[in-house]
Number of protein chains: 2
Amino acid sequence: MEKKLPTIKEIARRLNISASTVSRALHDHPSIGLRTKMAVKKLAAELNYEPNQTAIFFKQRKTFTIGLVLPNLREEFFSAAINGIEDVALDHNYIVLIGQSHDDLAREQKLVETMKNHRVDGILASISSSTTHIEHFEQMKNYDIPVVFFDRVPDAKDIHSVSCNLYDSSVEAVEWLIRNGHKRIGYLQGPPTLNMKHERLDGYMEAHKKHKLPVDESLIVSTNLSVEGTRSAVDALLQLKKRPTAILSFNDYVTLDAIQYARQKKLAINKDICFVSYANVPVTQYVEFPPLASVEQFPYDQGVSATELLFRLIDKKVAGQESPYENIVLKSELIIR
Amino acid sequence: MEKKLPTIKEIARRLNISASTVSRALHDHPSIGLRTKMAVKKLAAELNYEPNQTAIFFKQRKTFTIGLVLPNLREEFFSAAINGIEDVALDHNYIVLIGQSHDDLAREQKLVETMKNHRVDGILASISSSTTHIEHFEQMKNYDIPVVFFDRVPDAKDIHSVSCNLYDSSVEAVEWLIRNGHKRIGYLQGPPTLNMKHERLDGYMEAHKKHKLPVDESLIVSTNLSVEGTRSAVDALLQLKKRPTAILSFNDYVTLDAIQYARQKKLAINKDICFVSYANVPVTQYVEFPPLASVEQFPYDQGVSATELLFRLIDKKVAGQESPYENIVLKSELIIR
DNA sequence: GAAGTTAGGACAAACGTTTGCGCGAAATGC
DNA sequence: GCATTTCGCGCAAACGTTTGTCCTAACTTC
């Protein structure tokens, strides 16, 4: 059953010409006569010839493949980002290798390693929540594989990245709450590794400062994103003698868990307590009590932007040029329901 | 900046031995002496040698890559299926190329074409809703690339597939509704291309037959899965003089739209009208009125099973053996909330 | 000590494609 | 009609690895 796929050599043999001529003919190289060009193309079509990409990859040192490493696909944010990534990649005739870290550093490392072995031309990454260092990404420099981080960007200097400005929208979100009469606003943050740039927290602080509201440290709690983590964090807030009337929380998924827990505790959502969040994932439209507002982070645009940056880096690499580190910041937008 | 990655040749040159010896030494070939073996490994480690996979792919005619073509990643069903696929693939030291058809036949064709060019070792596919023929998949036979369909399986003979038995659970679902007193049960089906095997409909019919209930054709409507399509289909049901008291609907996403529409029409969910559905996606746990029951289709297991089948096919292909067409059917399960 | 065995490694081809170089013949210029 | 350019194409190397075959020296065996 070993079907022998037609090769350039085969065409050359049949036409009694050399392989190089065939190659050039197929590429419309100017130094090939029209007659041979026609003959080659005709036979190629008849034989259903298709170039062996693995041979080309090998020779050209390019695979027309980009690697995508992200925490998971379950979150609508990431699946939306992929749409942008895939669209740009397909435009460039590239295809996407995917890998989910499931927020596990070891798995993330293995994925990067595997992608390196596959000689991807570049890597897009959103780091896992347990990623405490990024050596595995930095090593890619030794292989001339550019890396662009998006959304979950590590707090390091010498990297390329695309992310949303969450500072401004965090200020805006908290101000919105303040304007709506809230004076005690809780902040439910994510795990430390994802807060390294603490844009959200800085925005939270700034809004308090602007409105001369004191910041109560006990109003700031953390979750590791798990249901239990979120519950105990929310619990800590609800146990306070002076409980917050509103909570700004890490993202919509966390918020859904938080709301569920608050309801379980017999709190009236949007009366006893309000929620404002990040991500603005579409699925919240179906739930009874969605967050009152959520910061749209434009995953599709982030994906597009990151992929375009990656291709610029790949092109420069091919041209042998050095690229300065680029850190693109897109703006986010507070969506009020 | 052209970093020269170390190669076998380089190691051979430095050690004044031949490349073949180096290759064999690295592979612990028995005909290489311990001394040279050690020397080679030592130098390889020092130079940080890593085999150039593209060269190996080229030579071995294998890429250790499988292609995955599916409608979209937004649906939790597919992102859950990927988890199974990825886990099995990683176990086999394979990596996954991904492509979303977005329910567009042309895009699906392009993706398959691109994956073929990348010489993937096999393809996993869940067809788009606009896929009216599967020539593009059948052509893969000419390239010795096995294809395994999962979940959304075309209605054809000569294919490999993994899917859920929806007939039994459909009977069960409708019987459950009947036992709960419903006599007029609507059926909101998906687009024709996805109903080719009409397991759901057959089950719906069978349950009616078993309970000697007449089937009213006007209770059977279709949606193209879009929000508008679903709304007008539901509308048709609600307009009936004798409106159904329950609706069995294509999947949870459709159901969420349907429920939203019904509420908009001032119907009391679970009183005026009940919903039972397929997929059992986790996100329904956060909504106010989830479907009363949903058929779990075990996406992770489907992914695992499909990928394992694919690897069996790949192995047989390598061994030059012919494989009979396998159509694995997993059972589904009606989950009652 | 001669014949046979074995261990250890070299050589070269092969996978399919691309590309720099060069060469002969036709076409052009005067 | 000779010199020069242009055109069309072939030759061979190269990418990095694997693998079948062959070779040589050392070792065994009697």
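The basis for the numbers below is simple: all heavy atoms, side chains too, and nothing from hydrogens, waters or symmetry mates.
A donor-acceptor pair shorter than 3.5 Å cannot be found between the side chains of A:Ser20 and A:Ser23. No side-chain N or O of A:His136 forms a donor-acceptor pair with one of A:Glu113 less than 3.5 Å apart. In the model, B:Tyr49 has no side-chain atom that pairs as donor or acceptor with a side-chain atom of B:Glu10 under 3.5 Å. Between B:Ser163 and B:Ser161, the side chains place no donor N or O within less than 3.5 Å of an acceptor N or O (distance only, hydrogens not considered).
Within residues 46-53 of chain B, the residues having any heavy atom closer than 4.0 Å to DNA chain D are, in order of number, B:Tyr49, B:Pro51, B:Asn52.
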Sugar-phosphate or base contact per nucleotide [nucleotides 19-27 of chain D; S, B, -; heavy atom under 4.0 Å]: BB-------
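Counting to the nearest Å, the C1' atom of C:dG8 and the CE atom of B:Met38 are 17 Å from each other. Atom CD1 in A:Ile11 sits roughly 14 Å away from atom P in D:dG10 (whole-Å rounding). We find that NZ of B:Lys62 is positioned 19 Å from P of D:dT17, with the value rounded to whole Å. Atom CZ in B:Arg61 sits roughly 19 Å away from atom P in D:dG16 (whole-Å rounding). Put simply, CG on B:Leu15 is 17 Å from P on C:dG8, counting in whole angstrom units. As a whole-Å value, the separation of A:Asp28 CG from D:dG8 P is 13 Å. Rounding to whole angstrom units, NZ of residue B:Lys9 and C1' of C:dC11 are separated by 14 Å. Straight-line distance from the NE2 atom of A:His27 to the C1' atom of C:dT19: 11 Å, rounded to whole Å.
Checked against C:dC11, C:dC15, D:dG8, the side chain of A:Ser31 finds its nearest nucleotide in D:dG8. For B:Ser18, whose side chain is taken as the heavy atoms from C-beta onward, the closest listed nucleotide among C:dC11, D:dC15, C:dG16 is C:dC11.
The shortest distance between side-chain heavy atoms of A:Lys317 and A:Glu322 does not fall below 4.5 Å.
Of the charged side-chain nitrogens involved, at least one lies within less than 4.0 Å of a carboxylate oxygen, so that B:Asp103 and B:Arg152 count as a salt-bridged pair. Comment: B:Arg107 engages A:Asp87 in a salt bridge, judged by a side-chain N to carboxylate O separation of less than 4.0 angstrom. The residues B:Asp28 and B:Lys41 are annotated as salt-bridged, a charged nitrogen and a carboxylate oxygen being separated by less than 4.0 angstrom.
A close approach under 4.0 Å does occur between a side-chain nitrogen or oxygen of A:Thr36 and OP1 or OP2 of D:dC9. The side chain of A:Lys37 contributes no N or O atom lying less than 4.0 Å from OP1 or OP2 of D:dC9.
Comparing B:Ala55 and B:Ile32 by the nucleotide of DNA chain C whose heavy atom lies nearest to each, the residue mapping closer to the 5' end is B:Ile32.
C:dC15 has its base stacked against the ring of B:Phe58, the centroids being under 5.5 angstrom apart at an interplanar angle below 30°.
Aromatic rings of A:Phe64 and B:His118 (six-membered ring for Trp) have centroids beyond the 6.0 Å cut-off, not under it.
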